[in-house]
Structures are given as structure tokens and as C-alpha cells.
Amino acid sequence: MLHLFNTLTGKREPFKPFEPRKVGMYVCGVTVYDYCHIGHARSALVFDVLRRYLEYSGYTVTFVKNFTDVDDKIIKRAHEQGVTCETITKKYIEAYYEDMGKLGIRRATEEPKATEHIEEIIRLTEVLIGKGLAYVVDGDVYFHVAHYPAYGRLSKRRLEDLQAGARVEVDERKRHPMDFALWKRSKAGEPSWASPWGPGRPGWHIECSAMSIKHLGETFDIHGGGMDLVFPHHENEIAQSCGATGKEFARFWVHNGFVQINQEKMSKSLGNFFTIREIFAKSDWPEPVTGEVLRYFLLSTQYRGPVDFSDRAVKEAKNALNGFYDLFERLKEPNGSEEKGDGVLAAAVEQATASFVRAMDDDLNTPMALAALQGLRGDVNKLLEKGLSSRGRTRAREAFRSLGDVLGLFQLHAWQFGDASAGAASSQAGGATDEQAALTDEEIDRLLMERREARAQKNFKRADEIRRSLAAQGIMIEDKPDGTSRWKR
RNA sequence: GGCGCCGUACCCAAGUGGUAAGGGAGCAGUCUGCAAAACUGCGAUGCGGCGGUUCGAACCCGCCCGGCGCCUCCA
């Protein structure tokens, strides 16, 4: 059974959904005013994998991930560029789909936007005012934390402690320094909606309460997001939601750790961040390969810990992945009619699956799950030496494919691998085989043919020349026992 | 000032009381025209340091050292 670390209780707990076989999960998405960086990718990936694993485990998952499309930063950006907020949000929502798509992040079941839930937000705010948990000041509405005794439950903070360190200028109109805005009066030129308190726009936290309740109900199973959202965002969400409904809000709170650069948090203020598109643009590998390499890299650390991003770490992920794709290539090739390995294959797959599930059940321990896959790789390689029937080889590939699918790995039909006969397939997969690569797959195949001739005539000088010139362009040749060769970038 | 996290081999990273998973890199060997891949073997008597609890600790407790995060928009 899946165990998840629940920020609310501070413990690793067995995960049982509210309704059997069904899971409702809400994850805070992004504020769409800029391109996503690798940190956003990690968060999206963690919850994409959690969703995939829940589905693999037999649950029907309703996965809601929002876009914050009204916010100070968006307004600021729109003013700077002299365009409307919609222009900004539309652009970055599209960019989000494009970038996350390259990483194999699946779309959520629902992807609501704050601006499409103004009615729900206003209604929720009215309820809070009615219950004495919120008050109106000059067209602004604030949540009154002092009237909500459980405030601080998630982040384990006490109001007194927060005040001691508060470095924020206190708004005199607020009754308590930690009171936060549910509704903000609009200034001229800002997006604005009519409300009982005058024209205005929602505060940041209220949208998530309104949207999660609308799409998942008042109580649901999992609420996720980055660690930095624990306070104040999620704390405030709990206060608003529980305050309004009087019921439990999310049962499990799951938070992912940061991506770091040189042991430091990656953030805009430090200027040490890398956008996803920048990473893809710089990569020498075809786009699908880069996407999978980034996935492997991000999953090589358990989601709650920090993960340090570096060229070296990414290269290591690529190398580790190479081993799998080399094996998949070999599994496709004829291997005689031997089948001495078939007998133990089933047991090896079963054992690896058990280890994989055990790892994932343990708070999504993806490094351990990857180790299980690596173990199977070793086992299958050994069996291949003994000889696997074509049925056995197909079975092995299916095992990698179905387990890999949980992590979003191993789904490429042909990576950048291919032999003479598979050249066409590899060019399909490599969408970004691209500008600087002087050689097309066809040219490579032609050179390979020439090299094969040369080798047949024991003209090794010419054969090595071809190998060297291809290597200079980043193309590796591997000779197979039958005299043909496969290549990879 | 408050709350919290982390420190395991050259690098990444599991392990949370029973005697150190896995990957990458490296070295040696088998195979190969060469190379790559694959396979075999090597690789931390030690898990930041010092004490303590225990038959037994990387794992529990205490102190110390070092790094980081949150408390302000932030995945």
C-alpha cells in the first residue's frame, strides 16, 4: 500500500482515499507571467508521477491543476509591455503546455483558471464574512486569522512566532498583521470584476480554495505543491476552506523539494535559474531524448529532498539511460533461436516489479524504483547472453515499457538508435535532429554501408576513418556480430 | 528571534536498530580487426565530529561542526 509523507501530520502515513478506488488530487500550478524553470518542471513531474502511480495502482484519479492568471506580477508584466493581462497569460499558458509537453507531463483532468471562477470566489468570500472570519475595509476583504484558532496547523507556526520575525510593513487597516487579502479593490487599469464590495479582483490564496472545492468537493484526498507554498499559501487555503465549510479540507498534503544550483535554491531573486526552454535549446540531444534525460535526472532523487541541477548530473542521467536503450535495441535484434533464458525471465520480471512497487509505495522512492529497473536491466542482459526467444525478448520489452510508463520513461519507440534498417524510424523520433547536425540519417546510413564494404574487404584503415569522422560529429558506431552496425548520437 | 531540512565512496543516491541497494565515473579481465555494448571482478571496517542508550546504531538521545530552506512573491 502506498505511504505518503503528509505535511499536515509530519508523518509518513498509509494512503487511503476518502472514497474507495477514487482519488481527488489538487496541485497548485503556476502563475503565468513568465517561462517555467526547471524547478517548476520538478513539481509538475512529481505530481505527474504520483498521478501515474495511483492509476497504475488501480485508482481513478481526478487530477486538478490550476493556472493563476490574475495576480500582481501579471499586471506588472502587462504594464511593462503595454499589453493586456490576457496577452501575457495566454502566451505563458501556451508556453507551459509546450515546455511540460516536452517533458512528457500529462495534462490534468481539469486545469481551471482563477479568472473563470470569480463567482465561486465571491461566494466563498461572502460565506467567510458571514461567519465573522473576514472583514471589509475600503473595498478590500481580509481574512481574520485571529478568529481562526487552527491557523498555523500545516506550517507548525504560531501566530506569535510569526509576528516576532515579521519583516513586512504592516498595513494599518488590518486587524492582525497576518491577515491576508481575499479580495482586492482594483486600481485604475487593473483587471476588475464587480463584487458586493465594489470592483476588484481576488487575492492569491482564495482561488485555490474556490477551485478545489468546486472540482473536487469540500473534502478531498491530496493537495500538492512546492515546499515554498506551505506557508503562507497552503496555510491560508486551509484557513479559508475549513473556515467556510467547517469540514476537513485536503487530507494529505504533499510537498516537493527544490531544485538547487550549487547547493542553493534556484530562484528569480538570485538569478540562478534555468528555464526549461533554455535547457532544451542548449541540449545537443534530440528533443525527446533531452526530455527523457531530464525526467530521469529529476527522478533520481526522492521528491522531498533537494536536487542539484548541473550539466554533469544531466550527463550522468543520459549515460544511465543509454544502458536501457542499448538493451532495448538489442532486444529488437534477432538473437538466434536460443531460448535458454526464457525460463527465468518471468521470475526476474516479477521480482523487479515487486521491488519497484515496494519502492514507489514508500513515499514515491523513485531512486529506489530506478534501482529496481537497473536490476532488471542487468538480469535481462545476462539472459540475453544465454539466449532469449523472440517471445521472451518481447516480454522483456513490455516489462520495461509498463514499469517505465509509471515514471514516464522508456516510451520512445526509437531513441536516436538505429541500424541500417531502422534508420527511418530513428529520424521520426528525432524531431530536433536539427540545424548543426550536418549529416542526415540517410547520409549516415550511406557511410555505414561504405564502412561495411571496407570491413568486409579488411580495409580497416578506411573503416576507422569513417568511424572517426562520424565520431567527430557525435555519432557512435557499434558493430554487431553479423557484420552490420548500429549507430547513435 | 521562531519553525524546519540536510551532511553516506570520486560524483549522484537508497538504507531510519541487526551488520553498507543502485547508478555514473574509474581500474582490471572476457569478447571484438579496432571500438562500443554486454558480461566478470575490484572499489566506503565505515555513514560530518564527540559522547551516551543498547547484546548490537549510519539509523535512537545529547552536544558540537558544516550546509540549506521557510517566516516576503516564489514549484
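Computed from a predicted model, the values in this text were never measured in an experiment. Within every chain, numbering begins at 1; the chains are lettered A, B, ... in the order of the sequence lines, protein sequences first and strands thereafter.
- Within 3.5 Å, a donor on the side chain of A:Asp479 pairs with an acceptor on the base of B:rC34, or the reverse.
- Toward the 5′ end of RNA chain B lies the nearest nucleotide of A:Gln260, the other residue of the pair A:Gly257 and A:Gln260 mapping further downstream.
- A salt bridge is absent between A:Lys318 and A:Asp284; no separation between the charged side-chain nitrogens and carboxylate oxygens falls under 4.0 Å.
- A salt bridge links A:Glu329 and A:Lys332; the closest N-O separation between the charged side-chain nitrogens and carboxylate oxygens is under 4.0 Å.
- Using a 4.0 Å heavy-atom cutoff across all strands shown, A:Gly378 reaches sugar-phosphate atoms only and no base atom.
- The phosphate of B:rU40 (OP1 or OP2) has a side-chain N or O of A:Lys382 nearer than 4.0 angstrom.
- To the nearest whole angstrom, the two C1' atoms, one in B:rG43 and one in B:rC11, are 14 Å apart.
- The side chain of A:Phe258 sits closest to B:rA75 out of B:rC39, B:rA75, B:rC34.
- The cationic group of A:Lys102 lies under 6.0 Å from the six-membered ring centre of A:Phe280 and within 45° of the ring axis, placing it in a cation-pi geometry.
- Separation of the A:Tyr35 and A:Tyr92 ring centroids falls under the 6.0 Å cut-off.
- A close approach under 4.0 Å does occur between a side-chain nitrogen or oxygen of A:Asn319 and OP1 or OP2 of B:rA25.
- Taking the six-membered ring for Trp and the full ring otherwise, A:Tyr26 and A:Phe249 have centroids separated by 6.0 Å or more.
- As rounded to the nearest Å, B:rG69 and B:rA14 have C1' atoms that lie 23 Å from one another.
- Between the C1' atoms of B:rG49 and B:rG66, the separation comes to 10 Å (whole Å).
- In terms of phosphate contacts, A:Lys265 brings a side-chain nitrogen or oxygen within less than 4.0 Å of OP1 or OP2 of B:rC70.
- Within 4.0 Å (heavy atoms only), A:Asp72 reaches no atom of the nucleic acid at all.
- Between A:Thr301 and B:rA13 there is a side-chain polar atom (N or O) within less than 4.0 angstrom of OP1 or OP2.
- For the pair A:Arg397 and A:Phe328, the cation-pi test (distance below 6.0 Å, angle within 45°) is failed.
- Between A:Gly29 and A:Asn66, the closest heavy-atom pair is N-OD1, 2.9 Å.
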Next on the checklist: For Watson-Crick and G-U wobble pairs within 3.5 Å on both distances, what is RNA chain B written in dot-bracket notation, | included for inter-strand pairing?
Outcome noted: ((((((((.[[[..)..(...]]].(((((.......))))).....[[[[[..)....]]]]])))))))....
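- Using C1' as the reference atom, B:rA37 and B:rC31 are 11 Å apart when rounded to the nearest Å.
- For the pair A:Arg377 and B:rG23, the criterion of a side-chain N or O lying under 4.0 Å from OP1 or OP2 is not met.
- When heavy atoms are screened at a 4.0 angstrom cut-off, A:Arg467 is found touching base atoms of the nucleic acid.
- Neither OP1 nor OP2 of B:rG24 sits under 4.0 Å from any side-chain N or O of A:Asn322.
- Residue-level contact check: A:Phe297 touches neither bases nor backbone, having no heavy atom under 4.0 Å from any strand.
- When the P atom is compared between B:rG48 and B:rA9, the two are found 8 Å apart, to the nearest whole Å.
- Checked against side-chain contact (heavy atoms from CB on, under 4.5 Å), A:Thr394 has the following partners two or more places apart in sequence or in another chain: A:Glu398.
- Taking the C1' atom of each, B:rC59 and B:rU54 are spaced 13 Å apart, rounded to whole Å.
- Applying the 4.0 Å criterion to OP1 and OP2 of B:rA75, one finds that A:Asn256 has every side-chain N and O outside that range.
- Between the side chain of A:Gln374 and the base of B:rG23, no donor-acceptor pair of N or O atoms lies under 3.5 Å.
- Comparing the P positions of B:rG56 and B:rU19 gives a spacing of 16 Å, expressed to the nearest Å.
- Contact annotation for A:Asp362: backbone-only contact, meaning every heavy-atom pair under 4.0 Å involves sugar-phosphate atoms and none involves a base.
- Across the C1' atoms, B:rG41 and B:rC47 are found 25 Å apart, a figure rounded to whole Å.
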